[in-house]
Amino acid sequence: MCRHPRRGEAGRRVSAPSERGAEIGRRIGVGLMYGLWKPRVLGAWKVPATGPVILAVNHSHNIDGPMVMGVAPRPTHFLIKKEAFVGPLDPFLLGIGQLKVDREIADRAAITDALGVLAAGGVLGIFPEGTRGEGDFASLRAGLAYFAVRSGAPIVPVAVLGSAERTSRLTRALPPLRSRVDVVFGDPFEAGDGSGRRTRQALDEATGRIQKQLSAHLDNARHLTGRRENTGRATGR
């Protein structure tokens, strides 16, 4: 996730994210995720069928993004750390409409493209914790609140459970093949307080509201799926 933009910090926009590319990415994700694992998807109908939406996804394993991309009912543009765009993955990820972000600066190119996705009525995927970890929404960076308040788009919480519980005997970087991974979509909610304020205080307050909503959704998702925890122990971080 990126920080709030500050004056004097500039980025260069290379190209706008492609909606068609994101749909191609979704189709690829469908084949890979259902071919390699056994996703169980709950609540996908809660994602608004049209209009801008932000998917706020917990992050404990490197397959979480592709998993959500493959099972979400709409094509999704994820903000992904620039370190993932290496070698042939760089043109591939850009080609399927994903957004490269430098997490160390206020990456204005990424901010512009993310807001552009929402302005066009698209779906923006965000890992609000900023990096892979325990996947418990315990610590959120401020970028999610900024995009939600700035765009007015509703947030749909998404819990990915089971991706980091065990490792494959073939490679520790992946869950066991054909193992079950649960993806639970929650009810959409508004991050702002209705005032339209975008001050630092307003964004901090929005972050607090968001964290409560995401934590409550995660607890509910664990209850629905019978999973107690989703730790980052098996990620090979």
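Heavy atoms only: backbone and side chains are in, while hydrogens, waters and symmetry mates are out.
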Check against salt bridge (charged side-chain N to carboxylate O under 4.0 Å, His left out), Glu23 and Arg20: CA-CA 5 Å; Glu23 174 59 25; Arg20 180 181 178 185; over 6 Å; no

With a 4.5 Å cut-off on side-chain heavy-atom distances among I, L, V, M, F, W and Y, is there a chain of contacts connecting Leu32 to Leu174? yes

Do you know the tightest heavy-atom contact between Ala56 and Leu214? CB-CD2, 4.0 Å

Donor-acceptor check, side chain of Arg209 to backbone of Ala191, threshold 3.5 angstrom: yes or no? yes

Going by the side chain to side chain contact (heavy atoms under 4.5 Å, CB included) test, name the single residue among Val117, Val53, Leu118 that passes it with Ser151. Leu118

State, with a plain yes or no, whether a side-chain heavy atom of Val160 is found less than 4.5 Å away from one of Asn58. yes

Applying a strict under-4.5 Å side-chain criterion to I, L, V, M, F, W and Y, I'd like to know whether Leu224 and Phe185 cluster together. no

How would you list all residue pairs meeting ring-ring contact (aromatic ring centres under 6.0 Å, His included) that involve residues 72-93, not counting sequence neighbours? Phe78-Phe127

Counting only N and O atoms by type, is there a donor-acceptor contact under 3.5 Å from the side chain of His217 to the main-chain atoms of Val184? yes

Would you check if Arg198 and Tyr146 make a side-chain contact, meaning some heavy-atom pair closer than 4.5 Å? no

For Arg40 and Arg180, the nearest pair of non-hydrogen atoms, with its separation, is NH2-NH2, 2.9 Å

Between Gln213 and Ile155, is any pair of side-chain heavy atoms under 4.5 Å apart? no

Indicate the atoms forming the closest heavy-atom contact of Phe189 with Pro157, along with that distance. CE2-CD, 3.9 Å

Closest contact, heavy atoms only, Met69 versus Ile96: SD-CD1, 4.3 Å

Are more than 12 heavy atoms from other residues, nucleotides or ligands located less than 6.0 Å from atom NZ of Lys46? yes

Heavy atoms, side chains only, cut-off 4.5 Å: are Leu99 and Leu124 in contact? yes

Looking at every non-hydrogen atom in both residues, tell me the closest pair between Phe147 and Ala114 and how far apart they are. CE2-CB, 3.6 Å

Other residues, nucleotides, ligands: >12 heavy atoms within 6.0 Å of Arg197 CZ: yes

Residue pair Ser179 / Lys38, side-chain heavy-atom distance below 4.5 Å: no

Exercise: identify the closest heavy-atom pair between Thr207 and Ala145: OG1-CB, 3.4 Å

Value rounded to 0.5 Å, distance of NE2 in His59 from CD in Glu129: 8.5 Å

Quick one: does any side-chain atom of Gln98 pair with a main-chain N or O of Thr76 as donor and acceptor, under 3.5 Å? yes

Asp107 side chain vs Asp102 backbone, donor-acceptor pair below 3.5 Å: yes

Share the residues that join Val86 in a hydrophobic cluster, the rule being Ile, Leu, Val, Met, Phe, Trp or Tyr side chains under 4.5 Å apart at the heavy-atom level. none

